[in-house]
Q: 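Starting off with a structure, shown below.
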Amino acid sequence: MKSKIEILINAVVDDYCGLKGATKPEGFAYDLHPPKDSQHGDLSCNVAFKLAKVTRQKPAEIAAGLMNLLEQKSAQDSFVEKMELAGGGFINFYLTKSGLGAVLLEIHKQDKNYGKSEFGKGKKVILEFVSANPTGPLTIAHGRQAAIGDCLARILKFTGHTVHSEYYLNDAGRQMRMLAQSVWARYNELLGMEMPFPEDGYQGDYVREIARDIIEKEKKDSLLKESEEKAVEYCGLYAVKYLMGSIEEDLAKMRVHFDNYFSEKTLYVKHEVEHALEVLKGRGYLYESEGALWFRSTDLGDDKDRVVKKSTGEYTYLAPDIAYHLSKYERGYNMLVNFWGPDHHGYIPRLKAACQVLGYPPEAIHIGTVQLTTLFRKGQPVRMSTRAGEFVTLRELYEEVGVDAARFFFVMRRQESHLDFDLDLAKEQSQENPVYYLQYAHARIASLAKYAEQGITTKVDLKRLATPEEAELIGCLSQFSDYLIQASRSTEPYRLADYLRQVAACFHKFYSHHRVVTEDQELTKARLLLADATRIVLRNGLELLGISQPESM
RNA sequence: GACCCCGUAGCUCAGUUGGAUAGAGCAUCAGCCUUCUAAGCUGAGGGUCGCGCGUUCGAAUCGCGCCGGGGUCGCCA
């Protein structure tokens, strides 16, 4: 219904501008959505306010002019009950009951596709997230990034983007060497050899487990016969394989999907780092100073130029990263989304600068951080320390609270905000737990199915859905696609979680005010259709969040 | 010192990118199950949207300046 009114308004705006001799600016936009207060109709439009700047008139005056034109055009339409001027320039639409309820037929028809859009048509997105170094198990922080990234991937696909999700695997560099040496040291230790543990080595128990694994499953003590260089290299490769196996298992359990794991090492092997620096050089963004190579990132908004190749001849972390992003560009992706930990915050300007040199327009680059999570137990923060090797892993978390609760809690807040994660609440099967609130609504509806003897039918009299609770619920359901587009545009999946809570709230309210199944067969059919439409929205939405949709609870 | 993020009810947070009288949940208090799932619903109390200017038809939202909290600033990764 909304789209029909939108078409109407667009036509009228054009006419009106023509009448006033004004030109509608490029990208002219206005709002049309259900107002907060249902007294203001079913759909409220602020187009007159927006036009005020164009025609330089008072909003109320414009609104009156638009109303005239609207009345002429919509005389033959049956879905608008009445239109009203209000609030100094708002145009409010009151839909007929069948006009309002028409969305239910649409939902029923589209079913699994309801909410899809072509918003992202033509956008090929490469979505990079988690990218945790394979130097230990995934932590809570990675868990949040994983949940948010995966939800966004699902949402972007649903709104018409082509999406490729990727994990950048840092399998080269200093941290890898350190890991290899740590494992090698533990290997020696387990075999009773004297060997000092590296100063900045990884202390966690898992390092010893990897060493033990090598001894038991692979090499026994044969590494001792190799040269140290070879032995350490072997330990490194084995450790990465071992840890990535564990990481991939965690991600699979969390229902997080990656289309690809991109190895940093291949960038060196294929000389893509040199290639990337050549590209920078060719475009005039590279210079030499103090024996090092610098990227002139200040030209593109960074506050300092950055070294890409040290005077020692080694690359900095930035060099392979530029090469990686060049690969993204060369693989044809025209939109970049990266989720990083908050510690990488200061790194964003330089990479954005690099991406612009590589060919991305600024508006195609979405690099954001996901803030940390603090776990709470019995009202007290759970202490986590990576250094001491005694941190709460992602695995411990989802084994304790379950994947549904973990995913929901991780995405329910704006990712730029710090998250307080209440473990007791997430486990509690009670009214306080927000994830159950949604699932409960779904289960309640599912239990109604047995009352629909011949199934859900669309041959219903929509006029029977006449109460405020029904109108509110229908209005809410009709906005699904809007919220998904918003979530896509802002790359913020929490907006979907928030919307679904609204849907559930509207449904619970409707359900407790009115009986669905009554003696009145016509009313029953109409309400069953409404309930089923709600089920479809909840199911599609929960699926996008990667949360199960129980039939009973 | 520079830059970034945050500041909304006692607590945790929304607020549809500038729209109408700022909303939820928790907590507190008072109610609702012989009828479809009470993991739910209804009602009450609770606010200088950190402070001050400005931009305009209109500001919690945008700009500038303060105050308060957090973070980042390596030829580390």
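Quick note on labels: first sequence line is chain A, next is B, and so on, each numbered from 1. The basis for the numbers below is simple: all heavy atoms, side chains too, and nothing from hydrogens, waters or symmetry mates.
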Q: Run the salt-bridge test on Lys281(A) and Glu288(A) with the 4.0 Å N-O cut-off and return the result as yes or no.
A: no
Q: Could you list the donor-acceptor pairs under 3.5 angstrom formed between side-chain atoms of residues 342-352 of chain A and any protein atom two or more places apart in sequence or on another chain?
A:
from      : atom 1 : to        : atom 2 : distance (Å)
Tyr347(A) : OH     : Asp321(A) : OD2    : 3.3

Q: Would you please name every residue forming a salt bridge (Lys or Arg N to Asp or Glu O under 4.0 Å) with Lys310(A), sequence neighbours left out?
A: Glu314(A)
Q: By the salt bridge (Lys or Arg N to Asp or Glu O under 4.0 Å) test, which pairs, at least two apart or in different chains, include something from residues 480-495 of chain A?
A: Lys2(A)-Asp482(A), Glu492(A)-Arg495(A)
Q: I'd like to check the salt bridge (Lys or Arg N to Asp or Glu O under 4.0 Å) partners of Lys509(A); sequence neighbours left out, ordered by chain and number.
A: Glu472(A)
Q: Report, as a single string ordered 5' to 3', how protein heavy atoms within less than 4.0 Å touch nucleotides 12-22 of chain B: B base, S sugar-phosphate only, - not at all.
A: SSSSBBSBB--
Q: Give me the stems containing RNA chain B, sorted by first residue, counting only three or more consecutive Watson-Crick or G-U pairs with both distances under 3.5 Å; say none if there aren't any.
A: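 Paired runs of 3+ in RNA chain B: B:1-7 with B:67-73, B:10-13 with B:23-26, B:28-32 with B:40-44, B:50-54 with B:62-66.
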Q: What does the list of N/O pairs under 3.5 Å between the protein and nucleotides 41-46 of chain B look like, with a distance for each?
A:
from   : atom 1 : to        : atom 2 : distance (Å)
C41(B) : OP1    : Tyr437(A) : OH     : 2.6
C41(B) : O4'    : Ser512(A) : OG     : 3.3
C41(B) : O2'    : Ser512(A) : OG     : 3.1

Q: Filter on ring-ring contact (aromatic ring centres under 6.0 Å, His included), then keep only pairs touching residues 39-64 of chain A, sequence neighbours left out; what's left?
A: Phe49(A)-Phe90(A)
Q: Going by the rule salt bridge (Lys or Arg N to Asp or Glu O under 4.0 Å), which residues pair with Lys525(A) if we only count those two or more places apart in sequence or in a different chain?
A: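 With sequence neighbours excluded, Lys525(A) shows a salt bridge (Lys or Arg N to Asp or Glu O under 4.0 Å) to Glu522(A), given in chain and number order.
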Q: List, with names and distances, any nitrogen or oxygen atoms from the protein found under 3.5 Å away from nitrogen or oxygen atoms belonging to nucleotides 69-74 of chain B.
A:
from   : atom 1 : to        : atom 2 : distance (Å)
G74(B) : OP2    : Lys304(A) : NZ     : 3.2

Q: Suppose we screen for salt bridge (Lys or Arg N to Asp or Glu O under 4.0 Å). Which residues come up paired with Lys53(A), at least two apart in sequence or across chains?
A: none
Q: What residues in residues 521-540 of chain A put a non-hydrogen atom under 4.0 Å from any atom of RNA chain B?
A: none
